[in-house]
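Okay, so here's the structure we're looking at.
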Amino acid sequence: MIQKQVVPFQEGNASMKALLGGKGANLAEMTRAGLPVPPGFTITTEACLAFFKVGNRISEGLLEQIAEALKQLEKQKGQTFGDASNPLLVSVRSGSVSSMPGMMDTILNLGLNDLTVQGLAALTNNEKFAYDCYRRLMQMFGNVVLGIEGYHFEQLLHRLKEKEGVQQDQDVTADGWKSLIEDYKACILAKTGQAFPQHVYEQLRLAVEAVFKSWNNQRAQIYRKINRIPDEQGTAVNIQSMVFGNMGSSCGTGVVFTRNPSTGENTFFGEYLINAQGEDVVAGIRTPLAIAALKSEMPQIYEQLFSASKQLEKHYKDMQDIEFTVENNKLYLLQTRNGKRNAQAALKIAVDLVQESLLTKQEAVERIEVSHLDQLLHRGIDEEAVKDVLAKGLPASPGAAVGQLVFDADTAAEWSRAGKTVILARNETTPEDIHGVIASEGVLTSRGGMTSHAAVVARGMGKPCVCGCEEVRIVLDEKRMFAGSRVVEEGDWITLDGASGRVIIGAMPLHEARMTDELLVMLKWADDIRTLKVYANADNPEDAKIARQLGAQGIGLCRTEHMFFSPTRLPVVQRMILADDKEDRLQALAQLLPMQKSDFEGMFEEMDGLPVTIRLLDPPLHEFLPNLEDLQKRHSELTYGHAGSDLEREEIAHLLRKVQALHEANPMLGQRGCRLGIVYPEIYDMQIEAIFRAASGCIDRGIRVLPEIMIPLVGHANELKILRELVDFVAEQVLGKDKLRDCPYKVGTMIEVPRAALTARQIVAYADFFSFGTNDLTQMTYGYSRDDAEGKFLTHYVDQKLLPHNPFQVLDTEGVGQLIDLAVNAGRLVKPALKTGICGEHGGDKESIFFCHLTGLDYVSCSPYRIPLARIAAAQAFIMHGVPGEQKVAQAI
Ligand code: ADP
Ligand code: MG
Ligand code: MG
């Protein structure tokens, strides 16, 4: 017996998503709930996979099952497929498992041919309507199934409208449609060498095949790649009896969201068109009406739609995006799904749903898409700078975007690859533009509403979008955009404000976003859940202050060399490096000491009561000196060109000798980190003294200081041993025994050399904490120098799927992660109270944070603006994996 590959709507349900696809499962669920769904059936994803397996062929068995299901449908509807007097018409709709908006194509009005169209006309007493349906079928079928480009049909339609002297499709006469159908037939014959199929079962078979095949079209593949949807899922196909929104003024079609998808507000939101079919609303052909207008135009339908929408939202416990059609004053629901939304709306909706008792706090936290949060926390226009607003459109997806204007997707992609930031402006976008949308900072369209393709896709990606901006006119051939008397050219800088719909001339400065109330509530919930602490990387008191405001529980990395680079200090630092003897060097260091002390005081003050991890000097000394080649050039000018004074020549010669002496073949692996501190102990000595003096001053002022001194680049226990002795010695010297009690400091090391991880058991003897410097650890584990790798081969590797990610962005859990795991376990075996964490870019990456939670680290440290993201991700890690220790025990058993 062959497997059941066809499931009628009344037999499915929402939990069968993998088999029926999202659309099919939800149509079934709505049918079950007694909502008005036109009957139909779903051809399963398994049927699709079977189709691919036998070389893209529909089996006889499947054809039989489809015919059988059609019979049932005919009974339900009292119509017959292909019958000349009372024809059943269907739509053929693709439905993948994960929502892929606009990625696959739908065919409407299937079952019409030269005979049945007459039947439909007679039956409805509406010839114009019947032939409108027929021409739509031919166009969609011609495009999706026969692969004829849409513009061939558009052109013929355009000519017809000119001939009839009408603007809108719905004003075309019945005779007009009839003549267009003849033109379409000729077009199809000319392009494919075959006539439009009159046999309705052939139409159906070809359509189903086309949907299956569309799973492998380029734009679907790209979408899957970005969204990490597995290729092996396949798509389902839904065959559904047609309802008609294009039969006259008591008909219409539209899309509603149960809440506002750009603000999250609990207001009914959507758009519709009277006398229209299917894609008319989203395609942006006519600009649709706001759903509120339906309340006065069709009050009963509005009420029914509203209550069905609320019912669905309650049922799915989430904001729904619903398609509906009204046929002769009767409402039908054609689709529901969890609506796409931007980050701010997602937060508001999740918080509101908890308050409405539809969700638990955990479920709400789990739902937050942290990658979107990151964008939410970065955008906003500095209003002071806004002078020249070119036009205003619909605020389709909030946030600000700055870039150079381009008018087609290919240019957008090309320019973006060349390192430019671009804004894509189109009359309207289609799925073919997807690579251009991905490449741009934001999207502008002159046509289409809040539910147009551009708006939906941009919101999904969290990109700013202004759509339906009818004031602007894009002339593609000239690569220009007009607004009134103004002209903007390709390459000009513009700014989009997706929250207000403004299009602004020039590159406006952007400000960092402020925390919204909803975000604060969500973060509080996340904090109650998570066990992993979140620290910040901050090199100065200003950043520390921001970090604390964003919820940092400490500073995980303060890089002291950043304090050395400031213009007022660099000369002193250089004098220290150039000193010929110890005496000289000590003098320069004495000058640096109060400067460093005041830096640390500022940090301690901001972080009152929280730990501050200070890393002693890390980069090689030559980084503070002028470039070798520049010096050589200047030196030869002075020597052979007889320029400058004797004094200058001597100075340059001296500098040159020093720089040459410090020059290294491979600085990354040279005299840096603790190696520097061991050869020049007076430098670290000064820094340690500055730390404890700052601590002492703060203690006197009633501030609680918790310094954690971090020794970089340790590879052998002995390195840490002598530097730890130095710290302990200086601490006691500066603070004295009594005050030492008020300053519970820690000494630890950054684990960033593989040997340190491998010998953690020895190193831990001198360490109170391990902080994994995953940037260097990744460089040294892979043997990649980051600058060279990212500039040369890494992108290639990721494209070729040799590596799953760029390991500098997403932690390589398999390799680098193993070293971390090893070091943590070895360290804790000796010192159960050992504190562990990571610092560096990975600390703000979701997947890496999940790894840190699972490995049982105490904290992650990331840049201040990623802290909210890290707090939520840490909570999500807990929700997904529970307490890390327990998990490990469970795995061991
Ligand atoms: P998409 O996945 O691109 O949204 P759909 O399959 O939902 O594609 O269909 C495209 C449009 O056609 C939608 O507006 C939908 O409501 C409409 N549509 C689909 N099936 C029917 C039907 N049986 N009767 C009327 N309209 C339909
Ligand atoms: Mg749809
Ligand atoms: Mg390092």
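Atoms within each ligand, like the ligands themselves, are counted from 1 in listed order. Values reported hereafter were calculated over all heavy atoms of this structure, with side chains retained and with hydrogens, waters and symmetry mates removed. Residue indices begin at 1 and follow the sequence shown.
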Within-cut-off N or O pair, Ser94 and ligand 1, under 3.5 Å: no
N/O donor-acceptor pair under 3.5 Å between Glu303 side chain and Pro299 backbone: no
Main-chain N/O of Arg32 paired with Gln10 side-chain donor or acceptor, under 3.5 Å: no
Side chain, backbone, both or neither: Gln240 near ligand 1, heavy atoms under 4.0 Å: both
Thr325, any N or O under 3.5 Å of ligand 1 N or O: no
Ligand 1 to Leu334 polar contact by distance, N or O atoms, under 3.5 Å: no
Numbering as shown, the atoms of ligand 1 that approach Val243 to under 4.0 Å (heavy-atom distance): 24 (N), 25 (C)
Sidechain-backbone polar pair: Arg426 side chain, Phe407 backbone, donor-acceptor under 3.5 Å: yes
Check: Leu108 N/O within less than 3.5 Å of ligand 1 N/O: no
Gln335-ligand 1 polar pair, N/O distance under 3.5 Å: yes
Ligand-residue contact atoms, ligand 1 with Ser241, heavy atoms, under 4.0 Å: 23 (N)
Lys185 to Phe196, cation-pi by 6.0 Å centre distance and 45° axis angle: no
Within-shell test, Lys23 vs ligand 1, heavy atom, strictly < 4.0 Å: yes
Short side-chain to backbone donor-acceptor contact, Asn342 and Ser262, under 3.5 Å: yes
Gap between atom OH of Tyr134 and atom CZ of Phe129 - 0.5 Å precision: 14.5 Å
Working for ring-ring contact (aromatic ring centres under 6.0 Å, His included), residues Phe324 and Tyr272: CA-CA 9 Å; Phe324 69 95; Tyr272 73 102; 7.1 Å; no
Proximal protein heteroatoms (N, O or S) of the Mg ion (ligand 2), under 2.8 Å: Glu323 OE2, Gln335 OE1
Test side-chain contact (heavy atoms from CB on, under 4.5 Å) applied to Thr116 - qualifying residues, sequence neighbours left out: Pro87, Leu112, Asn113
Polar contact flag, side-chain donor to acceptor under 3.5 angstrom, Gln240-Arg93: yes
Lys NZ or Arg CZ of Lys53 over Phe51 ring: under 6.0 Å, within 45°: no
Axial cation check for Trp215 ring with Arg224, 6.0 Å and 45° limits: yes
Sub-4.0 Å heavy-atom approach of Gly245 to ligand 1: no
Option set Gly40, Ser96, Gly278, Gly254, criterion heavy-atom distance to atom 17 (C) of ligand 1, minimum: Gly278
